[in-house]
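Computed from a predicted structure; not experimentally measured. Whatever order the structure lists them in is the order used to number ligands and atoms, beginning at 1.
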Amino acid sequence: MIIAQISIFMTHLSNYGNDRLGLYTFKSLVMFLQTWTNLKMQTLPPIQLAQKYFSLFPSERDPLWQDPCEDKRHKDIWSKEKTCDRFPKLLVIGPQKTGTTALYLFLGMHPDLTSNYPSKETFEEIQFFNGHNYHRGIDWYMEYFPLPSNTSSDYYFEKSANYFDSEVAAQRAAALLPKAKIITILINPADRAYSWYQHQRAHDDPVALKYSFRDVITASHESPVKLRVLQNRCLVPGWYAIHLERWLNHYHSSQLLVLDGQMLKTEPASIMDKIQKYLSLVNVINYHKILAFDPKKGFWCQLLEGGKTKCLGKSKGRRYPDMDHESQGFLREYYRDHNIELSKLLYRMGQPLPSWLREELVHTR
Ligand SMILES: Nc1ncnc2c1ncn2[C@@H]1O[C@H](COP(=O)(O)OS(=O)(=O)O)[C@@H](OP(=O)(O)O)[C@H]1O
């Protein structure tokens, strides 16, 4: 009787580097099987073996990087230079267009916090957990953070604005960084969608240039596929409760801080106070003294010596016409249930409702 057609034995040879007993045991096991069973043992060169393996077990193609410091045995076989202190303890997950770059800048001004090095492709964002970079492994990720030293602060953080609505980021982040704190910023999802559409136009997205905002948000099943794809990318990140639930499936609610993006625009210093408290930072910085409102930019900026300000670039805080009334009405209706769900969720989490959400809820009555 054939019980299993194929069994694959794999050894992590590198783990047995100085362990002759490991090799001896494995060799003896093979000899035992060859002598006492009629199993046909075969092998292939590593790449072909991997291809065979993944064709048999396609679900295992995707790795899930675990926290290497969770298990002492893993930690012990890690090289001395590698330490889990080189991973971030704080993730700013987005969503896009909610003020994540401003928050990233403000956090970086704090002496206890250290951001990642910039990426050549994606600038200040590493975008590790959401896409193809994940397959580059944890050493690749770690290289984005300085080697911790006793003199520097070791509270590393990164922000990648599309972690928020990614199907996979929450699970992956929780596997590697189970103790991390997570910050999300929420603005009215209608404004977020409009800002995102303007962002796409500014980046010469041909579909966004071809169709008006109203065309995008009201596209139907009969609309061209590329328009519907753009519509999804524009509207789906605004289903806040659904995305937040995904993060809550992997992190305890005390690990998640939801910030009011409207307040980040108007009173960033009080938002920064809230964050400093939440992270229990040793040094408490008065952001009222290091941020200043720049009337020309229309936003809060970093205050430099001599009273000058350093603001974010042109692509943050763009100027564009207000959203038309029909689109406003359409989106209010579109996001109504999502916003109601969000208010219930925030209540459950014990977090205050952002001002824009309270206003939206008044309209649902
Ligand atoms: N201090 C300050 N300076 C400039 N911009 C600010 C600031 N605070 C919040 N905002 C709002 O941030 C919006 C851009 O959001 P993000 O940085 O998250 O965008 S991105 O996803 O990284 O592209 C950007 O959206 P737009 O106004 O549509 O350009 C701003 O409204």
Side-chain angles (χ1 to χ4, degrees), residues 91-110 115-116 118-119 121-131 157-166 169 182-205 208 213 216-217 230 233-238 240 243 258-272 274-275 287-288 290-304 308-324 327-328 331 354-356:
L91 298 180
V92 178
I93 59 170
Q96 280 185 297
K97 310 317 296 176
T98 55
T100 58
T101 319
L103 184 64
Y104 181 79
L105 172 79
F106 302 159
L107 289 171
M109 289 163 67
H110 197 289
S115 66
N116 55 287
S119 147
E121 291 156 36
T122 44
F123 312 103
E124 81 276 2
E125 300 201 347
I126 309 180
Q127 300 187 1
F128 178 64
F129 294 109
N130 58 306
F157 72 95
E158 67 126 330
K159 84 101 178 166
S160 295
N162 41 20
Y163 287 168
F164 178 78
D165 51 292
S166 152
I182 309 293
I183 290 184
T184 174
I185 314 169
L186 302 181
I187 61 172
N188 191 319
D191 296 337
R192 200 215 69 84
Y194 191 49
S195 169
W196 186 85
Y197 168 78
Q198 296 297 344
H199 173 100
Q200 292 305 108
R201 281 175 73 90
H203 282 82
D204 291 330
D205 178 329
F213 183 59
V216 174
I217 59 176
L230 191 81
R233 293 178 59 213
C234 182
L235 297 180
V236 173
Y240 292 155
H243 303 304
V258 180
L259 295 176
D260 181 344
Q262 187 53 38
M263 208 162 154
L264 179 66
K265 272 187 201 166
T266 54
E267 290 172 58
S270 44
I271 290 282
M272 296 313 291
K274 190 170 177 176
I275 296 175
Y287 274 83
H288 289 101
I290 55 172
L291 298 179
F293 185 78
D294 184 316
K296 213 162 142 209
K297 174 80 181 168
F299 284 95
W300 287 79
C301 304
Q302 188 176 359
L303 182 62
L304 302 177
K308 283 196 173 166
T309 51
K310 186 173 164 226
C311 302
L312 293 179
K314 269 193 224 129
S315 64
K316 310 292 162 180
R318 290 193 173 95
R319 306 214 176 219
Y320 41 80
D322 287 346
M323 197 191 312
D324 64 277
S327 296
Q328 278 177 25
L331 289 178
S355 47
W356 61 263

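At least one heavy atom of Lys265 sits less than 4.0 Å from an atom of ligand 1.
Counting the atoms of ligand 1 from 1 in the order shown, those under 4.0 Å from a heavy atom of Tyr320 are 26 (P), 27 (O), 28 (O). Residue Trp300 has at least one heavy-atom neighbour below 4.0 Å for each of these atoms of ligand 1: 1 (N), 2 (C). The atoms of ligand 1 that sit less than 4.0 Å from any heavy atom of Leu312 are 3 (N), 4 (C). Of all atoms in ligand 1, numbered sequentially from 1 with element shown, those under 4.0 Å from a heavy atom of Lys159 are 22 (O). Close approach of ligand 1 to Ser195 is summarised as follows: ligand atoms under 4.0 Å from at least one heavy atom of the residue are 25 (O), 26 (P), 28 (O). Within the listing of ligand 1, atoms 15 (O), 18 (O) sit less than 4.0 angstrom from a heavy atom of Thr98. The Phe299 neighbourhood of ligand 1 comprises atoms 1 (N), 2 (C), 3 (N), 4 (C), 5 (N), 6 (C), 7 (C), 8 (N), 10 (N), 30 (C), 31 (O), with distances under 4.0 Å to a heavy atom of that residue. For ligand 1 and His199, the ligand atoms under 4.0 Å from any heavy atom of the residue are 23 (O).
Nearest protein heavy-atom contact of atom 8 (N) of ligand 1 is Ala102 CB, 3.7 Å. The protein heavy-atom contact nearest to atom 18 (O) of ligand 1 is Thr100 OG1, 2.6 Å. Among protein heavy atoms, atom 15 (O) of ligand 1 sits closest to Gly99 N, 3.1 Å. In terms of protein heavy atoms, atom 20 (S) of ligand 1 is closest to Lys316 NZ, 3.5 Å. Atom 24 (C) of ligand 1 has its closest protein heavy atom at Gly317 N, 3.6 Å. Counting protein heavy atoms only, atom 21 (O) of ligand 1 is closest to Lys97 N, 2.9 Å. Looking only at protein heavy atoms, the nearest one to atom 17 (O) of ligand 1 is Thr101 OG1, 2.4 Å.
Side chains of Glu125 and Thr122: no donor on one and acceptor on the other come within 3.5 Å. Between Asn116 and Tyr104, the side chains place a donor N or O and an acceptor N or O closer than 3.5 Å (distance only, hydrogens not considered).
Checked by distance only, ligand 1 and Gln96 stay at 3.5 Å or farther apart across all their nitrogen or oxygen atoms. Residue Arg318 has at least one nitrogen or oxygen atom sitting less than 3.5 Å from a nitrogen or oxygen atom of ligand 1, judged on distance alone.
By the 6.0 Å contact criterion, NZ on Lys297 is enclosed, its count of non-hydrogen atoms from other residues, nucleotides or ligands being greater than 12.
Nearest heavy atoms, Gly238 versus Pro189: O-CB, 3.7 Å.
Under the 3.5 Å distance criterion, the side-chain polar atoms of Arg201 are left unmatched by any main-chain donor or acceptor of Trp196. A donor-acceptor pair is defined here as one N or O able to donate and one able to accept, closer than 3.5 Å; no such pair exists between the side chain of His199 and the backbone of Ser195. Between the Thr184 side chain and the Gly94 main chain, a donor and an acceptor come within less than 3.5 Å of each other. With hydrogens and angles ignored, the 3.5 Å screen pairs a side-chain donor or acceptor of Ser119 with a backbone N or O of Glu121.
In this structure, Phe128 has its ring center at least 6.0 angstrom away from the ring center of Tyr163.
Taken from OG1 in Thr266 to CD1 in Ile271, the straight-line distance is 8.0 Å, to the nearest 0.5 Å.
Side-chain contact between His110 and Ile275 is absent, with no heavy-atom pair separated by less than 4.5 Å.
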